[in-house]
Colleague: 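My questions all concern the structure below.
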Amino acid sequence: MYLYNSATHKKEEFKTHTPGHVEMYTCGPTVYHFAHIGNLRSYLMEDVLEKYLRFSGYDVHRVMNITDVGHLTSDADEGEDKMLKGAKRENKSVMDIAKFYTDAFFADCAKLNIKTPDVVDPATNCIDEYIHIVSTLLEKGFAYVAGGNVYFDSSKLDRYYVFNDHDEEDLAVGVREGVEEDTNKRNKNDFVLWFTKSKFEDQALKWDSPWGVGYPGWHIECTGISLKHNGEYLDLHCGGVDNAFPHHTNEIAQSESFLGHAWCPHWFHVAHLNTNTGKMSKSKGEFLTVSLLEEKGYDPLAYRFFCMQSHYRKGLVFSWENLDNAVVAYNKLLARVAGLKPEGEVDSAAYDELRGKFAKAMDNDLNTSMGVTVLYDVLKAKTNDATKLAVIESIDTVLGLKLIEKAAEVRAKQAKAAAAPAAGFTVVSESGEENAEVEALIRARADAKKAKNFAEADRIRDELKAQGIEIIDVAGGAKWKRV
Ligand code: AMP
Ligand code: ZN
């Protein structure tokens, strides 16, 4: 598999420290608010990556942290702890906020069919690990104490690693507009490993340490949690592109200085979901959640489909119109899968060929939009339905669109509508054509309207429209025609 590596700035053959086994780490959510659908784009693409590695035969061990302490409002050690900010906003304790939003995050993930990583560890559960790493960094001369805090000394590195297109000067913390310089820092890229002073009076969660009562910096938690669960050699580290600097840069600095050897060769960064007005951001306070999509009648899996249609390294613009287009395409796909009959024997040669076509698309830097296109190739392929269904099921272990399950729901709905047509409701086509499936869908739409389920009614109308069929409502029933 060839995967773009932001550490080397090129597509590379993906290799692991232990053949056949992947140690994978993902930066988890900061649980002071709901995840927005932008955050979830990152988790969706990381989920597909994990599932594709498994599809390719790797045994994957995936670890994720939950940031429940230490992430300040600026990524550069400045401002208020985001958790404390969330607790104040809702007049609750930090622990209550963390529990509530951690549960909400995994509930959203479940709706999007995102698998929970093998290990999920909250930052507050690993304080001993951070203290051990920070002590070692001090002993080795990579850290210093100033003004009560412990800082990483970036001047002790041969090279302070900066990803991709990030210019070290541009991103230097001390010169960023609106960010007050921390005068304790000896070098502009130094960062806090352990706080005892900054905004300390208010801090709800604090622990004893050799440097006084305090709390960990944000970056040290990912190093601590990864080393605890993934071991000394990490194969693949993931996060949204905004994590690259300073968070991942600082993770590399402290992990390699602690270990005394190279740590993680492969870095996977997901580009942002943007709106017409810019990046979707939790701290801006206005953002779209999975619950909001549901309130508006969208199936969260249609959002998953929307994300699969574009490449993870390209910014994706969210608009309701773009999502509506994805809904139509997703429903059309489901209707086509629903039309397949599980008849015949699986043809193993055709199965391998079609599955191989999908693998070829995905081996090219996780090209999910090409992967989706392969689904249409499967539907059109010259083989029997049993083979098509088997390939679709296999591909969907990666794309996670629940195609087989949802197609069964479509069939059940059609059968129900055909068995109990709305009383006195007649359906005819303008041309006199008879089509039981179209008729059943039109009746299902009438039933949905009667039950005031307008989202479902619209979905069915769109599904038919996608098949080139227009419905004309008439007194006592409906007419349809091909357009
Ligand atoms: P946070 O909960 O703020 O720590 O962010 C969780 C994850 O979402 C991180 O990997 C971020 O890089 C990622 N992220 C933040 N904003 C966006 C966005 N607009 N689009 C995609 N990913 C994002
Ligand atoms: Zn992290």
Colleague: A side-chain contact here means heavy atoms from C-beta on lying under 4.5 Å apart; do Phe318 and Leu323 qualify?
Modeller: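 Yes - at least one pair of side-chain heavy atoms lies under 4.5 Å apart.
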
Colleague: Quick one: are the ring centres of Phe287 and His33 less than 6.0 Å apart?
Modeller: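 Aromatic pair counts; centres sit under 6.0 Å.
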
Colleague: Please evaluate residues Asp377 and Lys360 with respect to the criterion salt bridge (Lys or Arg N to Asp or Glu O under 4.0 Å), reporting the C-alpha separation (whole Å), side-chain torsions for both, the decisive distance (0.1 Å), and the verdict.
Modeller: CA-CA 13 Å; Asp377 295 341; Lys360 196 169 169 216; over 6 Å; no

Colleague: Ignoring hydrogens and angles, state whether a donor on the side chain of His219 or Glu251 is under 3.5 Å from an acceptor on the partner side chain.
Modeller: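 His219 vs Glu251: no donor-acceptor pair found between side chains.
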
Colleague: Nearest 0.5 Å, please: how far is NE2 in His266 from CG in Leu236?
Modeller: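 That separation rounds to 6.0 Å.
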
Colleague: Does any part of the side chain of Ile97, heavy atoms only, come nearer than 4.5 Å to the side chain of Val94, both counted from C-beta?
Modeller: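 Not in contact.
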
Colleague: Under a 3.5 Å cutoff, is there a donor and acceptor pairing between the side chains of Thr26 and Glu46?
Modeller: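 Distance-only check fails for Thr26 and Glu46.
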
Colleague: Is Leu288 close to His36 at the side-chain level, that is, under 4.5 Å between some pair of heavy atoms?
Modeller: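 Side-chain contact under 4.5 Å: no.
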
Colleague: Can you tell me if Asn367 uses its side chain to pair, donor with acceptor, with the backbone of Ala361 under 3.5 Å?
Modeller: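 Looks like no, no N/O pair under 3.5 Å.
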
Colleague: Could you give the distance from NE2 (His247) to CD1 (Ile252), rounded to the nearest 0.5 Å?
Modeller: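 One finds 11.0 Å between NE2 of His247 and CD1 of Ile252.
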
Colleague: Short question: side chain of Lys140, backbone of Ser257 - any donor-acceptor pair under 3.5 Å?
Modeller: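 Here the side-chain-to-backbone pair exists.
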
Colleague: Given side chain to side chain contact (heavy atoms under 4.5 Å, CB included), test Trp263 with Leu227 step by step and report yes or no.
Modeller: CA-CA 10 Å; Trp263 174 50; Leu227 292 181; 3.8 Å; yes

Colleague: Scan side-chain atoms only and decide if Asp81 and Tyr215 contain a donor-acceptor pair under the 3.5 Å cut-off.
Modeller: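 No.
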
Colleague: Mind checking the NZ-CZ spacing from Lys185 to Phe152? Nearest 0.5 Å is all I need.
Modeller: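 Reported value, rounded in 0.5 Å steps: 12.5 Å.
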
Colleague: Taking atom CD as the centre, does Glu13 end up with more than 12 heavy-atom neighbours from other residues, nucleotides or ligands that are less than 6.0 angstrom away?
Modeller: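 Count over threshold, so yes.
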
Colleague: Where do Gly28 and Asn65 come nearest, in terms of heavy atoms and distance?
Modeller: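 Nearest pair, atom of Gly28 first, then Asn65: N-OD1, 2.6 Å.
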
Colleague: Please evaluate residues Val398 and Phe358 with respect to the criterion side chain to side chain contact (heavy atoms under 4.5 Å, CB included), reporting the C-alpha separation (whole Å), side-chain torsions for both, the decisive distance (0.1 Å), and the verdict.
Modeller: CA-CA 10 Å; Val398 179; Phe358 175 72; 4.0 Å; yes

Colleague: Any carboxylate oxygen within less than 4.0 angstrom of a Lys/Arg side-chain nitrogen, looking at Arg304 and Asp47?
Modeller: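 The answer is yes: the pair qualifies as a salt bridge.
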
Colleague: CZ of Phe305 to CG of Asp299: how many Å apart, nearest 0.5 Å?
Modeller: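 If I round to the nearest 0.5 Å, the distance is 12.0 Å.
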
Colleague: Applying side chain to side chain contact (heavy atoms under 4.5 Å, CB included), run through Thr397 and Lys51 and close with a yes or a no.
Modeller: CA-CA 7 Å; Thr397 60; Lys51 287 174 174 164; over 6 Å; no

Colleague: Please check: side-chain N/O of Asp153 versus main-chain N/O of Tyr144, any donor-acceptor pairing under 3.5 Å?
Modeller: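 Flag not set: sc Asp153 to bb Tyr144 has no pair under 3.5 Å.
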
Colleague: Taking the side chain from Asn113 and the backbone from Leu301, do they hold a donor-acceptor pair closer than 3.5 Å?
Modeller: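 The answer is no, because no donor-acceptor pair under 3.5 Å joins these two groups.
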
Colleague: Can you confirm whether Leu157 sits close enough to Phe142 that some side-chain heavy atom of one is under 4.5 Å from a side-chain heavy atom of the other?
Modeller: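 Leu157 reaches Phe142 side chain to side chain.
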
Colleague: Say whether, by atom type as modelled, one donor and one acceptor occur between the side chain of Arg41 and the main chain of Cys307 under 3.5 angstrom.
Modeller: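 Here the side-chain-to-backbone pair does not exist.
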
Colleague: Which atom pair, heavy atoms only, marks the closest approach of Val241 to Ala271?
Modeller: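 Scanning both residues, the minimum pair turns out to be CG1-CA, 4.2 Å.
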
Colleague: Do you know the tightest heavy-atom contact between Cys27 and Cys222?
Modeller: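 Minimum heavy-atom separation between Cys27 and Cys222: SG-SG, 3.9 Å.
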
Colleague: Heavy atoms, side chains only, cut-off 4.5 Å: are Tyr312 and Asp365 in contact?
Modeller: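 Touching, per the 4.5 Å side-chain cut-off.
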
Colleague: Do the side chains of Val150 and Leu137 get nearer than 4.5 Å, heavy atoms only?
Modeller: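 The answer is no, as the side chains (C-beta and beyond) never meet within the 4.5 Å cut-off.
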
Colleague: Would Tyr130 and Leu193 satisfy side chain to side chain contact (heavy atoms under 4.5 Å, CB included), going step by step from the backbone distance to the final call?
Modeller: CA-CA 8 Å; Tyr130 315 140; Leu193 295 164; over 6 Å; no

Colleague: Look only at the side chain of Asp68 and the backbone of Ala123, and say whether a donor-acceptor pair between them is shorter than 3.5 Å.
Modeller: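 Yes.
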
Colleague: Using a 6.0 Å cut-off, check whether atom CE of Met1 has over 12 heavy atoms from anything other than its own residue.
Modeller: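 Result for CE/Met1: enclosed.
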
Colleague: Which heavy atom of Ala7 sits nearest a heavy atom of Pro265, and at what distance?
Modeller: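 Between these two residues, the closest heavy atoms are CB-O, 4.1 Å.
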
Colleague: Taking atom CG of Leu3 and atom CE of Met362, what is their separation to the nearest 0.5 Å?
Modeller: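 If I round to the nearest 0.5 Å, the distance is 10.0 Å.
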
Colleague: Does the structure place the NZ or CZ of Arg355 under 6.0 Å from the centre of the six-membered ring of Phe55, at an angle of no more than 45° from the ring's axis?
Modeller: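 So Arg355 does make the cation-pi contact.
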
Colleague: Looking at every heavy atom in both Ser310 and Leu316, which two are closest together, and how far apart are they?
Modeller: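 The pair with the smallest heavy-atom distance is OG-CD1, 3.5 Å.
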
Colleague: Show the nearest heavy-atom pair for residues Cys126 and Ile225, with the distance to one decimal.
Modeller: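 Of all heavy-atom pairs spanning Cys126 and Ile225, the closest is SG-CG1, 3.7 Å.
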
Colleague: Can you tell if the side chain of Glu294 reaches within under 4.5 Å of the side chain of Lys111, non-hydrogen atoms only?
Modeller: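 Sidechains of Lys111 and Glu294: in contact.
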
Colleague: Would you please indicate yes or no on a ring centroid separation below 6.0 angstrom for His261 and Tyr233?
Modeller: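 Ring centres of His261 and Tyr233 closer than 6.0 Å.
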
Colleague: Step by step, would you call Asp182 with Tyr151 a side-chain hydrogen bond (donor to acceptor under 3.5 Å, both in side chains)?
Modeller: CA-CA 11 Å; Asp182 178 348; Tyr151 293 86; 2.7 Å; yes

Colleague: Looking at Tyr2, I want to see if its OH is surrounded by more than 12 non-hydrogen atoms of other residues, nucleotides or ligands under 6.0 Å.
Modeller: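 No, not enclosed.
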
Colleague: Atom CG in Leu403, atom OH in Tyr330: separation rounded to 0.5 Å?
Modeller: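 Separation between the atoms: 6.0 Å.
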
Colleague: Would you check if Tyr298 and Val290 make a side-chain contact, meaning some heavy-atom pair closer than 4.5 Å?
Modeller: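 In short, these two side chains do not touch, never coming nearer than 4.5 Å.
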
Colleague: Is it true that the side chains of Glu463 and Asn331 contain a donor and an acceptor less than 3.5 Å apart?
Modeller: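 The answer is no; no qualifying pair exists.
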
Colleague: Is the number of heavy atoms from other residues, nucleotides or ligands under 6.0 Å of Lys228 NZ greater than 12?
Modeller: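 Yes - once you tally the heavy atoms of other residues, nucleotides and ligands closer than 6.0 Å, there are more than 12.
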
Colleague: Once the angle between the rings of His269 and His248 is folded into 0 to 90°, is it parallel (under 30°), tilted (30 to 60°) or perpendicular (over 60°)?
Modeller: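 Ring orientation of His269 relative to His248: parallel.
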
Colleague: Treating Ser209 as the side-chain partner and Trp211 as the backbone partner, does any N or O pair qualify as donor plus acceptor under 3.5 Å?
Modeller: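 Side chain of Ser209 to backbone of Trp211: a pair is present.
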
Colleague: Going by atom types only, do Tyr101 and Glu90 share a side-chain donor-acceptor pair under 3.5 Å?
Modeller: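 On atom types as modelled, these side chains qualify, holding a pair under 3.5 Å.
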
Colleague: Would you say the side-chain atoms of Thr368 pair up with the backbone N or O of Gly371, donor to acceptor, closer than 3.5 Å?
Modeller: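 Looks like no, no N/O pair under 3.5 Å.
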
Colleague: Is it the case that the side chain of Asp235 and the backbone of Glu23 share a donor-acceptor pair, with hydrogens and angles ignored and the cut-off at 3.5 Å?
Modeller: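 A pair under 3.5 Å: yes.
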
Colleague: Do Glu409 and Lys413 sit within salt-bridge range, that is, some charged N less than 4.0 Å from a carboxylate O?
Modeller: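 No, Glu409 and Lys413 are not salt-bridged.
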
Colleague: When you measure from the side chain of His311 to the backbone N and O of Arg313, does any donor-acceptor pair fall under 3.5 Å?
Modeller: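 Between the backbone of Arg313 and the side chain of His311 there is a qualifying donor-acceptor contact (under 3.5 Å).
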
